[in-house]
Amino acid sequence: MRTDRPTIMSPRPNERYNAREAEPKWQKVWEDQRTFRTRDDAGASGRPKYYVLEMFPYPSGRIHMGHVRNYTIGDVIARYKRARGFNVLHPMGWDAFGMPAENAAMEKSVHPKGWTYDNIAAMRTQLKAIGLAIDWDREFATCDPEYYGQEQALFLDFLAAGFVSRKKSTVNWDPVDNTVLANEQVIDGCGWRSGAPVERRELTQWFLNISDFADDLLAGLDTLDRWPEKVRTMQRNWIGRSEGAKVFFAVDGVEGAPDYKLEIFTTRPDTLFGASFCALSPHHPLTQKLAADNAELQAFIKKCDQIGTSEEAIETAEKMGFDTGLKARHPFIDGHTLPVYVANFVLMEYGTGAIFACPAHDQRDLDFARKYKLPVIPVVAPKDRDAAAQAAFAEELAAHGTDAFTGDGVAINSDFLNGLDVTAAKRTAIAKLEAMGLGEGTINYRLRDWGISRQRYWGCPIPVIHCEACGTVPVPRAQLPVLLPDDVSFDRPGNPLDRHPTWKHVDCPKCGKPARRETDTFDTFVDSSWYFARFCAPNAVTPTDRTATDSWLPVDQYFGGVEHAILHLLYARFFTRAMHKTGHLDVEEPFAGLFTQGMVNHETYRDANGQWVPPSEIAIETVGGARIAKRLSDGGPVTIGAIEKMSKSKKNTVDPEDIIAQYGADTARWFMLSDSPPERDVQWTDAGAEGAWRFTQRVWRLVTGTPDDLAPKGTALPADLDAAALGLRRVAHQALAALTDDIENLRFNRAVARIYELANAISAFNPANAGGKWAKREALEYLVLMIAPMMPHLAEECWAALGHETPAVDTEWPVADKALLVEDSVTIAVQVNGKRRDELTIARDADVETVERAALALEKVEKAIDGKAVRKVIVVPGKIVNVVV
RNA sequence: GCCCCUGUGGCGGAAUGGUAGACGCGGCAGACUCAAAAUCUGUUGUUGGCAACAACGUGCUGGUUCGAGUCCGGCCAGGGGCACCA
């Protein structure tokens with residue numbers, strides 16, 4: 001058991017690395033020398049530019065371990081690229097608008113503005129303690145009027161360019177609090193504060209026409225070769241381009257519309273002969289029309305509307321249908337009609353808000369058909385079966401099937417389509433529909449336009465004025481920014497802007513008559529869709545300064561959580577295109593390189609009453625191999641639970657400030673980079689943190705412990721190195737080359753392992769002569785420069801201890817000597833029938849026949865062959881020999 | 001429900017289709033110490049064996065290959081996203 005903490009104040013202070021003193025000292029040196037201030041003269045100085053960016057934080061009040069991980073990873077690259085001679089831009093800002101500030105205002109009677117700026121001040125101090133190589137001169141918050149005013153200017157340009165529209169959409173409505181709820185605020189279909197079942201409401205809202213850019217955004221993904229494949233796949237699926245058909249079903253008996261044609265979209269026109277019903281969204285115009293004089297249908301729609309607006313809620317809700325009694329005429333089968341249902345799983349936002357259903361070949365349709373006892377007509381059968389087998393398959397599926405057949409196959413029971421495969425049948429069906437004038441081939445996207453209106457105070461006001469005579473009128477540019485009023489109240493739910501006594505009352509800029517200011521604010525995703533461009537020239541009097549953005553963009557390497565893989569990144573890509581088209585940017589893709597890092601997890605703990613207990617309040621002992629947790633305050637029993645993402649609700653958080661106070665920032669940084677690959681989740685453990693801390697001390701001892709073993713600084717390389725010294729040089733140069741490669745490829749956990757290997761080699765080395773001392777100094781200097789991007793403060797302290805006057809941060813990245821990287825001989829494995837039997841050390845350049853002969857001569861190999869005939873010998877030079885018998 | 005990802009010793013993980021377990025944590029043994037901490041040295045996948053060594057072993061299952069942790073098919077489990085959380 002070990003519950004004690006290492007003390008930084010040591011009885012032998014001169015021998016221990018004192019992070020608490022060293023870290024602020026070096027941070028001050030960097031700040032005084034303005035080391036990380038970025039100058040815009042990339043071209044003039046001849047240094048290539050490199051723009052490193054991490055997703056900027058929401059100012060919640062305190063940094064968490066996720067921030068430490070994110071910003072450490074980015075910082076390693078920023079420092080490394082700087083050492084490689086790049087002119088690095090590495091800025092920081094604040095994604096400062098959003099709901100938590102309003103929640104705080106309601107709960108704690110503070111103003112969102114004060115709360116936000118206080119949080120920023122606190123978090124800035126915390127971030128600075130991590131020792132990040134950031135140009136703080138470029139800092140801004142999205143709630144600064146200088147920022148959101150420029151955002152309003154951008155919006156007006158988008159409006160003029162036709163990228164903006166206004167249309168109806170549904171929101172979650174809390175009928176008790178009379179307020180719009182975010183999906184997050186809907187818990188099990190009820191409002192999070194009132195507990196009342198949510199309703200849906202239609203509101204007229206502002207949209208950015210991102211779906212007009214669908215094809216462009218899709219094509220752009222192919223150019224992003226430094227993005228993770230999974231993110232590109234997710235975006236592709238999100239955009240969801242699908243080729244299909246629009247089909248018109250004539251519907252009889254619609255009041256006042258004798259020729260009513262129901263337009264549906266389908267990706268499977270080949271299954272039209274298997275249609276057994278049509279289904280409308282509860283929000284389809286025809287549904288609404290029918291409901292006008294049908295109380296039962298009204299009740300059904302109301303029931304559907306009790307589900308929240310999220311796709312997850314809709315898709316997982318039990319399928320419900322309402323038979324309208326209307327009949328739709330089948331386009332291909334004369335005299336055949338299909339019942340028309342209203343169904344809760346049909347989304348108004350996708351396709352045309354109406355479908356035809358083929359239960360045999362769509363799982364949702366099948367579930368629905370079984371529930372409402374509708375026919376199941378198989379029209380596709382698996383290939384490569386005879387007619388009898390296909391008939392048997394169809395009969396079974398129709399009668400008892402619970403799994404729809406969605407694979408490829410051949411059309412059956414489908415008149416003129418019979419015998420065609422799915423692709424050909426689709427084509428033929430579309431041609432027929434077009435010939436009949438009952439439909440056409442079309443392309444549909446899953447991607448919907450981006451609703452940006454929010455009925456909230458703490459966001460960027462939408463710069464528009466509503467006039468009864470003139471309609472929606474843009475706020476004249478001279479009147480920007482439209483500032484948020486400070487005198488607002490949060491004593492009741494709803495939008496404080498809307499109930500402000502004077503703010504919304506303005507005169508129409510066009511006709512001068514009394515008009516009403518738009519009281520909606522922007523979705524905060526708008527703020528984060530262009531901040532990377534603003535960092536290039538944060539004080540420009542236009543949204544962007546083209547000289548600056550043209551030279552800095554795109555961002556060379558962007559780091560952030562994988563949870564942003566779709567929305568934020570897609571919106572930023574859209575914004576960049578829209579800014580390109582309106583002349584604000586030269587580029588169309590904002591992020592040339594993207595890396596999505598994993599989360600920081602921790603064990604969870606609960607006391608006897610099931611209450612969550614934070615890690616800082618417990619002690620862990622190991623008794624008989626089992627880990628037992630107790631509460632520090634009273635020794636009460638604590639159950640160790642699952643390892644989960646650090647979250648306030650489960651209290652399994654570790655405060656970075658505590659870790660930095662205890663061990664120093666370098667230890668926290670080192671631990672974040674060790675062990676787990678950066679794209680995967682990492683588990684924070686005390687033992688891991690202590691291990692990292694011990695390594696900082698070990699580096700310090702290695703560097704300062706044996707001064708007599710080191711050649712004086714600047715000594716020339718002695719000509720006659722002995723084998724041991726040469727060996728150390730090889731290890732050092734190989735470690736440097738491997739680590740450089742690992743950092744370039746963002747494999748920080750492997751980079752850490754290389755450093756351990758080098759440290760182990762240096763520890764084991766005892767210089768026997770001047771050559772050895774020279775080699776040891778070289779190895780130590782490499783070690784210090786190699787750790788510098790990861791543990792910058794320790795590196796500076798060590799670099800100074802090695803006698804250098806120029807800080808490590810201003811020292812060029814060393815380059816490994818290629819001659820020291822290659823070995824003369826290689827060890828290769830020898831297999832018999834794929835099973836390793838022995839290994840063989842042989843000259844690196846030995847030819848295939850020599851290797852084969854040597855392998856077959858090995859005693860163990862001979863034994864394994866056991867006198868059998870050798871059929872084949874596979875020799876992969878430098879890798880392996882496989883003898884096949 | 002849909003889309004995406006992950007699964008390897010006691011633990012975190014390493015491994016361009018080519019010697020599975022680098023490196024770290026933890027454990028065990030030893031050195032130093034009055035003792036402890038710190039530090040250093042050795043050892044550590046499992047099973048059998050004094051040992052040499054052998055067999056087994058990368059969630060399950062089937063396949064491709066001279067050779068599969070890696071590629072393909074089908075499962076299982078965990079995680080992320082699902083458009084108003086950021």
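Every chain is numbered from 1, with letters handed out A, B, ... down the list of sequences.
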Suppose you measure atom P in B:G7 against the same atom in B:U58; what distance do you get, rounded to whole Å?
14 Å
Side-chain N or O of A:Asn833 versus OP1/OP2 of B:C66: is the shortest distance under 4.0 Å?
no
Under 4.0 angstrom between A:Arg701 side-chain N/O and B:C40 OP1 or OP2:
yes
When the aromatic ring centroids of A:Phe695 and A:Tyr756 are compared, is their separation below 6.0 Å?
yes
Where the side chain of A:Asn183 is concerned, which of B:A83, B:G1, B:G13 is the nearest nucleotide?
B:A83
Kindly point out which of B:U19, B:A86, B:G24 is positioned nearest to the side chain of A:Tyr58?
B:A86
Ranking B:C84, B:C23, B:G18 by distance to the side chain of A:Glu757, first place goes to B:C23
For RNA chain B, whose closest nucleotide is more 5', that of A:Arg364 or that of A:Ser676?
A:Arg364
Using atom CZ of A:Arg16 as one end and atom C1' of B:A37 as the other, report the distance to the nearest whole Å.
9 Å
Any side-chain N or O of A:Lys860 below 4.0 angstrom from OP1/OP2 of B:C53?
yes
Picking from B:G18, B:G24, B:A83, which would you name as closest to the side chain of A:Tyr756?
B:G24
A:Asn237 vs B:C2: side-chain N/O to OP1/OP2 distance below 4.0 Å
no
Ring-face cation of A:Arg16 near A:Trp700 (centre distance under 6.0 Å, axis angle within 45°)
no
Between A:Arg836 and A:Glu839, does at least one N-O distance fall below 4.0 Å, as a salt bridge requires?
yes
side-chain N/O A:Thr233 vs B:C4 OP1/OP2, d < 4.0 Å
no
C1'-based separation of B:G59 from B:G49 [nearest Å]:
31 Å
Pairing check on B:G1: which nucleotide meets the Watson-Crick or G-U wobble criteria with it, both distances under 3.5 Å?
B:C82
Is the ring centre of A:Phe207 less than 6.0 Å from the ring centre of A:Trp450?
no
Taking atom C1' of B:G1 as reference, at what distance in whole Å does atom CZ of A:Phe368 sit?
16 Å
Distance between C1' atoms of B:G13 and B:A22 (Å, rounded):
10 Å
Ignoring the backbone of A:Asn882, work out which of B:C66, B:G80, B:A86 is nearest its side chain.
B:C66
Salt bridge or not for A:Arg201 and A:Asp305, using N-O below 4.0 Å?
no
Whole angstrom value for the distance that separates C1' of B:A54 from NZ of A:Lys863:
9 Å
Run the salt bridge (charged side-chain N to carboxylate O under 4.0 Å, His left out) check on A:Asp523 and A:Arg454 step by step: do they pass?
CA-CA 6 Å; A:Asp523 174 10; A:Arg454 297 293 181 271; 3.2 Å; yes
Between A:Phe56 and A:Tyr531, does the ring centre distance come in under 6.0 Å?
yes
Would you mind reading off the distance between A:Glu184 atom CD and B:G81 atom C1', rounded to a whole angstrom?
14 Å
From the options B:G79, B:C84, B:G12, select the nucleotide whose nearest atom is closest to the side chain of A:Asp675.
B:G12
Closest of B:A86, B:U19, B:C66 to the A:His564 side chain is B:A86
Within this structure, what is the CG-to-P distance between A:Leu447 and B:G81, rounded to whole angstrom?
19 Å
Anti or syn - B:G27, cut at 90° from 0:
anti
Integer-rounded Å distance: B:G78 C1' and A:Lys645 NZ
16 Å
Can you tell me how far C1' in B:U19 sits from the matching atom in B:C85, rounded to whole Å?
50 Å
Looking only at the side chain of A:Ala753 (C-beta and beyond, no hydrogens), which of the listed nucleotides B:C23, B:A55, B:C66 gets closest?
B:C23
A:Gly451 near the nucleic acid: base, sugar-phosphate alone, or nothing, with a heavy-atom cut-off under 4.0 Å?
sugar-phosphate
OP1 or OP2 of B:G24 sitting under 4.0 Å from any side-chain N/O of A:Asn760?
yes
Within this structure, what is the CZ-to-C1' distance between A:Arg446 and B:G1, rounded to whole angstrom?
12 Å
Report yes if a side-chain nitrogen or oxygen of A:Arg680 is closer than 4.0 Å to either non-bridging phosphate oxygen (OP1 or OP2) of B:A14; otherwise report no.
yes
Any base atoms under 4.0 Å from A:Lys230, or only sugar-phosphate, or nothing? Heavy atoms, all strands.
sugar-phosphate
Of the listed nucleotides (B:C4, B:G18, B:G1), which one gets closest to any side-chain atom of A:Ile880?
B:G18
Does A:Trp458 use its side chain to pair, donor to acceptor, with the backbone of A:Ala96 at less than 3.5 Å?
yes
Look at the side-chain N and O atoms of A:Asn172 and state whether any lies under 4.0 Å from the OP1 or OP2 oxygen of B:C84.
no
Could you work out the separation of B:G78 and B:G45 based on their P atoms and round it to a whole Å?
31 Å
C1' atoms of B:U41 and B:G80, separation to the nearest Å:
45 Å
Kindly say whether, by distance alone, the side chain of A:Glu311 makes a donor-acceptor pair under 3.5 Å with the base of B:C2?
no
Is the distance from the ring center of A:Trp684 to that of A:Phe671 below 6.0 Å?
yes
Provide the distance between the two C1' atoms, one in B:C32 and one in B:A51, to the nearest whole Å.
33 Å
If you compare every side-chain N and O of A:Lys835 against the phosphate oxygens of B:G57 (OP1, OP2), does one of them come in below 4.0 Å?
no
Is there a side-chain contact between A:Arg200 and the phosphate of B:C84, meaning an N or O under 4.0 Å from OP1 or OP2?
no
Expressed in angstrom and rounded to an integer, what is the separation of A:Asp527 atom CG from B:A86 atom C1'?
11 Å
Where the side chain of A:Thr316 is defined as all heavy atoms beyond and including C-beta, which of B:U39, B:G1, B:A86 is the nearest nucleotide?
B:G1
Does A:Arg448 place a side-chain N or O at less than 4.0 Å from the phosphate oxygens OP1/OP2 of B:A83?
no
Please measure how far the C1' atom in B:A31 lies from the corresponding atom in B:G21, and state the result in whole Å.
29 Å
